[in-house]
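Reminder, nothing fancy here: chain letters follow the sequence lines and each chain counts from 1. Quantities reported herein were computed from a predicted structural model and do not represent experimental measurements.
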2 protein chains.
Amino acid sequence: MLITQKKQYALRAIFELAKRHGRGPIKISTIARVQAIPMRFLEVILNELKKSGFVSAKRGYQGGYYLLRRPRDIAVGDVIRFMDKTGEGEQDCIACVSKDSCPFDGQCALSPMWEKVWESLFCVYDGTTMQDLLELELERIKNRKQQENAAEKGCDRRGLEI
Amino acid sequence: MLITQKKQYALRAIFELAKRHGRGPIKISTIARVQAIPMRFLEVILNELKKSGFVSAKRGYQGGYYLLRRPRDIAVGDVIRFMDKTGEGEQDCIACVSKDSCPFDGQCALSPMWEKVWESLFCVYDGTTMQDLLELELERIKNRKQQENAAEKGCDRRGLEI
DNA sequence: ATAATCTTGACCAAAATAGTCGAGAAAGCT
DNA sequence: AGCTTTCTCGACTATTTTGGTCAAGATTAT
């Protein structure tokens with residue numbers, strides 16, 4: 001897998017927090033429902049994410065999770081890197097890039113390519129902030145509405161034609 | 001993992017065949033030794049690769065595997081795509097990109113990013129042929145020799161200084 | 001107090017991945 | 001023909017990673 005489910009969930013959870021940034025703590029149960037993430041699993045994930053410094057939590061009655069940074073100051077790359085780290089040493093890396101696991105001491109014929117791959121991957125990751133994702137989402141919603149309107153008109157016309 | 005061990009092995013095996021292209025069939029045992037791949041596992045891998053049309057094999061006494069195309073006509077992307085296919089449907093893909101597994105019908109906030117990631121990944125894969133890898137390898141060897149020469153001289157000088 | 005909510009660590013299950021084995025079939029050599 | 005070498009094929013096993021659950025406890029607002 002290029003990306004695990006867990007990282008995907010982490011990103012979606014943070015995205016959801018970004019969406020509601022500034023409106024107080026958000027409950028795990030809410031995030032789980034809206035983002036379609038198994039709740040007990042999300043508990044684990046968010047708890048881990050606290051150590052990243054991106055999110056924090058408040059316990060008790062009106063408790064929940066919230067972002068510690070502005071959405072534009074959290075890049076996807078930051079989250080991925082953090083999630084990789086927690087599993088002890090870059091898990092999502094490629095065997096030949098890290099000298100330890102490469103039988104040729106990181107000098108195999110493929111390693112230059114893996115480095116390129118790694119770079120271009122994180123070029124995208126680091127170039128995408130939560131803010132960017134939010135804006136994309138807004139645009140998408142706008143487009144969908146326009147399409148719906150267009151479709152409705154289409155429906156009406158068809159109705160008349162019959 | 002970004003790339004599995006098996007795919008890595010497949011690439012290294014094909015690379016080795018490319019290195020010896022035009023010199024008749026190469027034995028599995030040779031490839032396994034030179035590329036540090038478990039032999040019985042490599043048997044399985046090369047056998048699968050026959051279906052890709054990149055390699056073919058000859059049995060018996062002076063048998064072995066050989067490339068069906070010129071090294072410059074085999075890109076890393078071709079190999080990766082083939083290996084992905086054999087596992088039934090793009091395994092190395094991302095959940096949200098394929099509509100089936102995305103709870104939001106492939107319309108989640110992250111999907112545009114995953115598409116970008118996918119593109120830039122295969123941009124590297126498809127832009128790297130076996131020939132390219134061979135040339136890189138040659139250059140690497142040349143550089144290492146130069147370094148060794150330089151190091152030897154350095155040694156001599158140190159010897160005199162003491 | 002008590003109800004809501006996060007916290008923690010242990011635990012389990014399923015899937016994917018990595019790797020092995022044995023018996024057989026073809027090809028060349030003598 | 002008989003022997004050796006080498007691939008072939010399918011079944012099998014082991015290991016690791018991932019995904020997910022649970023229960024008991026701590027904290028806070030009301």
Side-chain angles (χ1 to χ4, degrees), chain A residues 1-13 17 24-33 35-52 55-68 83-84 86-95 101 103, chain B residues 1-13 17 24-33 35-51 55-66 68 80 83-95 101 103:
Chain A
M1 295 284 282
L2 178 52
I3 191 98
T4 60
Q5 190 81 2
K6 190 175 174 187
K7 283 178 211 166
Q8 183 97 230
Y9 287 161
L11 286 170
R12 293 228 301 265
L17 290 178
I26 319 294
K27 285 180 279 190
I28 289 181
S29 54
T30 306
I31 303 174
R33 182 166 35 76
Q35 288 288 334
I37 303 171
M39 184 173 130
R40 299 315 278 274
F41 196 23
L42 184 57
E43 285 181 7
V44 175
I45 295 169
L46 281 173
N47 205 338
E48 273 179 29
L49 277 172
K50 274 199 320 177
K51 290 166 206 142
S52 74
V55 308
S56 189
K58 191 184 174 189
R59 295 208 241 192
Y61 192 63
Q62 293 273 22
Y65 278 86
Y66 53 91
L67 289 188
L68 287 174
M83 296 298 285
D84 282 345
T86 61
E88 304 266 325
E90 307 245 300
Q91 218 99 77
D92 223 23
C93 201
I94 308 127
S101 49
Chain B
M1 298 283 281
L2 178 51
I3 193 97
T4 60
Q5 188 82 3
K6 191 175 172 186
K7 283 178 212 165
Q8 183 97 228
Y9 287 160
L11 287 170
R12 293 227 301 266
L17 290 179
I26 319 295
K27 286 180 281 191
I28 290 182
S29 55
T30 306
I31 304 174
R33 182 167 34 77
Q35 287 289 334
I37 303 172
M39 182 173 132
R40 292 319 279 270
F41 196 23
L42 183 57
E43 284 181 6
V44 175
I45 295 169
L46 280 173
N47 206 334
E48 273 179 30
L49 277 173
K50 275 198 315 176
K51 291 166 206 141
V55 308
S56 188
K58 190 182 170 189
R59 298 206 241 193
Y61 193 63
Q62 293 273 21
Y65 278 85
Y66 53 92
L68 287 173
I80 305 244
M83 296 298 285
D84 282 345
K85 233 189 321 187
T86 63
E88 305 266 324
E90 308 245 300
Q91 218 98 79
D92 224 23
C93 202
I94 310 127
S101 48

message: Quick check on C:dT5: is either OP1 or OP2 less than 4.0 Å from any side-chain nitrogen or oxygen of A:K27?
response: yes

message: Tell me the closest heavy-atom pair linking A:P25 and A:Q62, and the distance in Å.
response: CG-O, 3.7 Å

statement: Rounded to whole Å, the CE-C1' distance (A:M83 to D:dT18) equals 12 Å

message: Side chain of A:T4 only, heavy atoms from C-beta on: which candidate in D:dT21, D:dT18, D:dT30 is closest?
response: D:dT18

Distance test, side-chain N/O of B:K7 to OP1/OP2 of C:dT17, below 4.0 Å: no

query: Nearest nucleotide by nearest heavy atom, which residue falls closer to the 5' end of DNA chain C, A:S29 or B:V44?
result: A:S29

task: Can you measure from CD1 (B:I26) to NZ (B:K58) and round to the nearest 0.5 angstrom?
output: 12.0 Å

task: Would you mind reading off the distance between A:I3 atom CD1 and D:dG19 atom C1', rounded to a whole angstrom?
output: 15 Å

- prompt: Of the nucleotides D:dA29, C:dA27, D:dC7, which one has an atom closest to the side chain of A:Q62?
  reply: D:dA29

task: Answer with base, sugar-phosphate or nothing: what part of the nucleic acid does A:I28 contact at a heavy-atom distance below 4.0 Å?
output: sugar-phosphate

message: Show the nearest heavy-atom pair for residues B:R12 and B:Q35, with the distance to one decimal.
response: NH2-O, 2.6 Å

task: Would you mind reading off the distance between B:K6 atom NZ and D:dT16 atom P, rounded to a whole angstrom?
output: 18 Å

- prompt: Does B:Y65 place a side-chain N or O at less than 4.0 Å from the phosphate oxygens OP1/OP2 of D:dT8?
  reply: yes

task: Would you indicate, yes or no, if D:dT8 has its OP1 or OP2 atom less than 4.0 angstrom from a side-chain nitrogen or oxygen of B:K50?
output: yes

task: Could you tell me the separation between the CE atom of A:M39 and the NZ atom of A:K27, rounded to the nearest 0.5 Å?
output: 10.0 Å

task: Could you check which of D:dT6, D:dA26, C:dA18 has an atom nearest any side-chain atom of A:R59?
output: D:dA26

task: Tell me what B:I26 touches on the nucleic acid: a base, only sugar-phosphate, or nothing, going by heavy atoms under 4.0 Å.
output: sugar-phosphate

query: What's the CD-P distance between B:E48 and D:dG10, to the nearest Å?
result: 12 Å

query: Does A:R40 get its side chain close enough to the base of D:dA23, under 3.5 Å, for a donor-acceptor pair?
result: yes

- prompt: A:L49 has an atom CG; how far is it from atom P of C:dT7, in whole Å?
  reply: 12 Å

Nucleotide nearest B:N47 (side chain, heavy atoms from C-beta), chosen from D:dT8, D:dA29, C:dG28: D:dT8

- request: Round to the nearest Å and state the distance from B:F41 atom CZ to D:dC12 atom C1'.
  value: 14 Å

statement: For B:V55 and B:L68, the nearest pair of non-hydrogen atoms, with its separation, is O-CD1, 3.6 Å

- line: Closest to the side chain of B:Y9, out of C:dG9, D:dT8, C:dG19, is C:dG19

field: Interatomic distance where OH belongs to B:Y66 and P belongs to D:dC7 [whole Å]
entry: 12 Å

query: Taking all atoms of both residues into account, what is the closest heavy-atom pair of A:Y9 and A:I45, and its distance?
result: CB-CD1, 3.7 Å

query: Any idea which of D:dT30, C:dG19, D:dT8 is nearest the A:Y61 side chain?
result: D:dT30

task: Let me know, please, whether B:G64 or A:M39 comes out on the 5' side of the other along DNA chain D by nearest nucleotide.
output: B:G64

- request: Let me know the distance between CG of A:L46 and P of D:dG20, rounded to the nearest Å.
  value: 15 Å

message: Any side-chain N or O of B:K58 below 4.0 angstrom from OP1/OP2 of C:dG28?
response: yes

